[in-house]
Novice: 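Starting off with a structure, shown below.
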Amino acid sequence: MSYPLIAPSILAADFANLQRDIEVLNNSEADWIHVDIMDGVFVPNISFGLPVCEAVHRHAKKPLDVHLMIVQPEQYVEAFAKAGATTITVHLEACTHLHRVLQQIRDLGCKAGVALNPHTSVRLLENVLHDLDMILLMSVNPGFGGQKFIEQTLPKTRQLRQMLQEAGSAALIEVDGGIDTSNAAALVEAGAHVLVAGSSVFRAENPADAIIRLKQVGQRAEA
Ligand code: DX5
Ligand code: ZN
C-alpha cells in the first residue's frame, strides 16, 4: 500500500449533483469516499443520513469511510454497515462503552475507527489499540467543512504514530479537517496514513487534479 491514501469528503460536494460528484471521485485517484454524518447534537450541524449514504453506495466504486459525528452511535452502526460502509468511525467522546462499539463494528464485518476531537488525548486509546483498525485525528473542531487546520495536530500525529509502533499496532492514522497541499506533507511526515479533504478537493477548479496533487505532495514526504 502506498501512502497517503486520499479520502475526499462529500460534505463539500454539490448535493444537487451528488451522482456527478461521485463519478468524479470514481474516475480519480481518490482511495476512499469520506462520508460525514452529523446529528445536530454531538456537533452543532446536521449533514445527511442513511438514505444519502445508501444512495452514494449505489454509485460509488471506492470504499465508503463513514465518520459518525453522532451521539449513541451504537444504535446506528448496523444500519450504516447495511448502507454500505467499509469503515465506521465513532467518536471517543460519544461512547461510554467504546470497546463494545468497536466489537460491534468488527462483528458487522466493517473496519472499526475511533475519532478524537482536537482536545482529546491519544493516550485515552492505550487500552483499545488492538481493537481498532483506524484512528481519526480531528484537525478542526467537528461540525463544519472549510475550517482552519489546527497546527497542534502535527505533534499529536507524531505521538500517536509512536504509540502505535510501541504497541505493535497496524492501525491507520487518518487526519480530518483543513487539509490542503500546504500541510499534507507535514502530516504524512508526522505519521498520517490517510488524509481527508473536503474543501480543497471540491472547491478546486479540477477536483481530480487536486486529489493527485495532495497524493503527490504526501508521497514525497513519505519517501
Ligand atoms: C468536519 C468533517 C470533515 C470535513 C472536512 O466535521 O469531519 O470531514 O468535511 O472538510 P474540510 O476539508 O473542508 O476541512
Ligand atoms: Zn470527517
Side-chain angles (χ1 to χ4, degrees), residues 4-15 18 21-22 24-25 28 30-49 52-53 56 60 62-71 73 76-77 80 85-94 110-120 133-154 156-157 172-188 192-205 207 210-211 213-215 217-218:
L5 305 182
I6 306 295
S9 167
I10 55 162
L11 187 65
D14 178 353
F15 292 157
L18 200 46
D21 283 359
I22 299 297
V24 168
L25 299 184
S28 78
D31 296 281
W32 299 346
I33 297 178
H34 188 80
V35 180
D36 282 309
I37 308 293
M38 303 179 182
D39 66 353
V41 179
F42 181 70
V43 288
N45 195 10
I46 298 174
S47 57
F48 49 79
V52 174
C53 188
V56 170
K62 318 250 171 170
L64 297 192
D65 174 36
V66 175
H67 177 192
L68 296 181
M69 286 162 274
I70 65 174
V71 296
Y76 298 97
V77 289
F80 279 101
T86 295
T87 302
I88 300 180
T89 297
V90 296
H91 267 264
L92 171 73
E93 302 85 2
C110 296
K111 300 263 185 221
V114 178
L116 302 184
N117 280 338
H119 73 276
T120 305
D133 302 292
M134 187 169 83
I135 295 139
L136 184 163
L137 297 181
M138 286 304 311
S139 41
V140 297
N141 285 295
F144 302 93
Q147 302 182 80
K148 190 176 173 307
F149 179 80
I150 297 171
E151 293 290 333
Q152 176 61 23
T153 313
L154 288 168
K156 191 176 183 180
T157 304
L172 296 180
I173 301 176
E174 179 175 58
V175 183
D176 183 4
I179 297 178
D180 56 26
T181 49
S182 75
N183 47 34
L187 280 168
V188 173
H193 302 99
V194 189
L195 304 178
V196 177
S199 310
S200 69
V201 167
F202 285 105
R203 301 281 171 268
E205 208 164 300
I211 292 165
R213 276 199 300 277
L214 273 176
K215 194 170 265 199
V217 169

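Indexing begins at 1, ligand by ligand and atom by atom, following the structure's order.
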Novice: Does any non-hydrogen side-chain atom of V175 lie less than 4.5 Å from one of L136?
Specialist: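 Of all side-chain heavy-atom pairs linking V175 with L136, none is under 4.5 Å.
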Novice: I would like to know whether H34 and I10 meet side chain to side chain contact (heavy atoms under 4.5 Å, CB included); could you show each step before the answer?
Specialist: CA-CA 6 Å; H34 188 80; I10 55 162; over 6 Å; no
Novice: Could you tell me whether the side chain of F149 reaches within less than 4.5 Å of the side chain of V140, counting heavy atoms only?
Specialist: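 When only atoms from C-beta onward are counted, F149 and V140 do not touch, as no gap falls below 4.5 Å.
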Novice: Does the distance from a Lys or Arg side-chain N to an Asp or Glu carboxylate O, for D65 and K111, drop under 4.0 Å?
Specialist: no
Novice: With H67 as reference, evaluate T87, D176, T89 under the side chain to side chain donor-acceptor pair (under 3.5 Å) test and give the passing residue.
Specialist: D176
Novice: Under 2.8 Å from the Zn ion (ligand 2), how many protein N/O/S atoms can be counted?
Specialist: 4
Novice: Test side chain to side chain contact (heavy atoms under 4.5 Å, CB included) on V52 and F15 and set out the steps.
Specialist: CA-CA 10 Å; V52 174; F15 292 157; over 6 Å; no
Novice: Note every protein N or O atom lying under 3.5 Å from an N or O atom of ligand 1, pairing the names and giving the distance.
Specialist:
residue, atom, partner, partner atom, Å
ligand 1, 6 (O), G143, N, 2.8
ligand 1, 7 (O), D36, OD1, 3.0
ligand 1, 7 (O), H67, ND1, 3.3
ligand 1, 7 (O), D176, OD2, 2.9
ligand 1, 8 (O), H34, NE2, 3.4
ligand 1, 8 (O), D36, OD1, 3.1
ligand 1, 8 (O), D36, OD2, 2.7
ligand 1, 8 (O), D176, OD1, 2.7
ligand 1, 8 (O), D176, OD2, 3.0
ligand 1, 9 (O), S9, OG, 3.1
ligand 1, 9 (O), D36, OD2, 2.9
ligand 1, 12 (O), G198, N, 2.7
ligand 1, 13 (O), G146, N, 2.8
ligand 1, 13 (O), S199, N, 3.0
ligand 1, 13 (O), S199, OG, 2.5
ligand 1, 14 (O), G178, N, 2.8

Novice: Determine, step by step, whether L5 and L195 satisfy the side chain to side chain contact (heavy atoms under 4.5 Å, CB included) criterion, reporting the C-alpha distance in whole Å, the side-chain angles of both residues, the deciding distance to 0.1 Å, and the verdict.
Specialist: CA-CA 6 Å; L5 305 182; L195 304 178; over 6 Å; no
Novice: Check the surroundings of atom CZ in F42: do more than 12 heavy atoms from other residues, nucleotides or ligands lie under 6.0 Å from it?
Specialist: yes
Novice: Check step by step if side chain to side chain contact (heavy atoms under 4.5 Å, CB included) holds for L18 and V56.
Specialist: CA-CA 8 Å; L18 200 46; V56 170; 4.0 Å; yes
